[in-house]
Amino acid sequence: MTPEHRTLTERRKAATQLEIARAAVELFTERGPDATTAEDIAREAGVALRTFYRYFRGKQDAVGPLLAAGGDRWRELLAATAPGTPLAQALEEAAVASLSEPGDAAREGLERTRALLRAAADDPALRAVWYRVNQESEEKLVPLVAALSGPDTDPLEHRLTAAAATDAIRIALEAWSATDARPSGPGSPADLVVHCLRSLVRP
């Protein structure tokens, strides 16, 4: 469902989840996940603890909406691909566009992702949220791949392509997060994702 088709209640819910997610990222970055409690996150977000638990099972789960935002944007761009665009080209162009959007907000989003992935290296629960977000993104990608592939293509190939493309972006972001490379230019997520995606189709 696109943002413009959400009800007012759904938009409010999403906004509250994002506020909580931003608070969680800020505290995880400052203190680390171990030194941060759900109560701390709720207080930072300005919500009651019961509101926190209405949306999230635990403190690490709270970052899910921010980690999922990049995949949501990628699929949104992919869905807008011109008919007849080759699938590999469509996947790459949408991925690059989603990872190289201009503006401070986009750069800050990538830096938040880097901070979370670094924290996840020593936090299995946070790492599990990252893997779950990618799994959910992969599942949502399958019908888009099918639509771009055409009616006579193999459904098994749709799933394989969705899995491979999702992992290409995941690996690009993980590789970038382990460096001090800037969010744009050489060594950036967009640069690395091109390398990963083209490696999949290299003869």
Side-chain angles (χ1 to χ4, degrees), residues 2 21 25 60 63-103 105-121 123-124 126-150 153-203:
T2 58
V25 172
Q60 286 89 349
V63 303
L66 283 177
L67 288 176
D72 293 342
R73 181 59 178 152
W74 177 38
R75 293 191 307 277
E76 180 183 326
L77 291 166
L78 193 61
T81 299
T85 304
L87 179 58
Q89 177 185 336
L91 289 167
E92 179 179 316
E93 289 179 350
V96 169
S98 70
L99 292 168
S100 56
E101 292 190 303
R107 287 190 293 273
E108 289 169 4
L110 285 172
E111 290 293 359
R112 280 195 296 266
T113 297
R114 170 149 55 190
L116 285 171
L117 292 180
R118 286 179 173 179
D123 191 301
L126 192 55
R127 196 158 58 246
V129 173
W130 171 239
Y131 289 141
R132 188 193 74 224
V133 164
N134 278 274
Q135 177 64 37
E136 291 170 352
S137 183
E138 175 189 321
E139 292 169 359
K140 294 174 183 176
L141 184 60
V142 173
L144 290 174
V145 170
L148 288 166
S149 300
T153 50
D154 185 351
L156 183 59
E157 291 185 9
H158 303 161
R159 292 182 60 190
L160 287 169
T161 299
T166 300
D167 275 348
I169 292 183
R170 177 181 62 79
I171 290 168
L173 284 167
E174 290 172 354
W176 174 71
S177 73
T179 74
D180 293 321
R182 295 171 61 85
S184 59
S188 67
D191 184 47
L192 293 174
V193 81
V194 169
H195 177 74
C196 289
L197 286 170
R198 292 184 182 178
S199 294
L200 294 174
V201 296
R202 187 176 299 150

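It should be emphasised that the depicted structure is a prediction, and the values quoted were computed from it without experimental measurement.
- Counting only heavy atoms from C-beta outward, the side chains of Gln135 and Glu138 approach each other to under 4.5 Å.
- The salt bridge (Lys or Arg N to Asp or Glu O under 4.0 Å) analysis of residues 81-100, with sequence neighbours excluded, yields the pairs Glu92-Arg198.
- Within the 4.5 Å cutoff, no side-chain heavy atoms of Asn134 are placed close to those of Asp167.
- In this structure, the side chain of Ser98 engages the main chain of Ala95 through a donor-acceptor pair within 3.5 Å.
- Here Glu139 contributes atom CD and Thr166 contributes atom OG1; the two are 9.5 Å apart, rounded to the nearest 0.5 Å.
- Salt bridge annotation for Glu136-Arg132: present, with a cationic side-chain nitrogen under 4.0 angstrom from a carboxylate oxygen.
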Item checked: side chain to side chain contact (heavy atoms under 4.5 Å, CB included) between Leu91 and Thr161, worked out -> CA-CA 10 Å; Leu91 289 167; Thr161 299; 3.9 Å; yes
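- Asp72 is listed as a side-chain neighbour of Arg75, based on a closest heavy-atom distance under 4.5 Å.
- No donor-acceptor pair under 3.5 Å is formed between the side chain of Arg159 and the backbone N or O of Val142.
- Contact detail for Ala90 and Thr81: the closest heavy-atom pair is CB-CG2, 3.7 Å.
- Side-chain contact between Leu78 and Leu141 is present, with at least one heavy-atom pair separated by less than 4.5 Å.
- Scanning all heavy atoms of the two residues, the minimum distance from Ala106 to Glu101 falls at CB-O, 3.3 Å.
- Annotation: side chain of Val145 is not in contact with side chain of Glu157 (no heavy-atom distance under 4.5 Å).
- Within the 4.5 Å cutoff, the side chain of Trp130 has heavy atoms near those of the Leu173 side chain.
- Heavy-atom minimum distance, Arg127 versus Ala121: NH1-O, 3.2 Å.
- Atom CG in Leu110 sits 12.0 Å away from atom CZ in Arg182 (nearest 0.5 Å).
- Taking OG1 from Thr113 and CH2 from Trp176, the interatomic distance works out to 7.0 Å, rounded to the nearest 0.5 Å.
- Nearest heavy-atom pair across Leu197 and Ala165 is CD2-CA, 4.1 Å.
- Put simply, the side chain of Ser199 gets close to the backbone of His195: a donor and an acceptor are under 3.5 Å apart.
- A search for side-chain contact (heavy atoms from CB on, under 4.5 Å) contacts involving Ala190 returns Val96, Leu99, Ser100, Ser188, not counting sequence neighbours.
- Across all non-hydrogen atoms, the minimal contact from Leu116 to Leu126 is O-CD2, 3.7 Å.
- Nearest heavy-atom pair across Gln60 and Val129 is O-CG2, 3.6 Å.
- Between the side chain of Arg73 and the backbone N or O of Ala97, no donor-acceptor pair lies under 3.5 Å.
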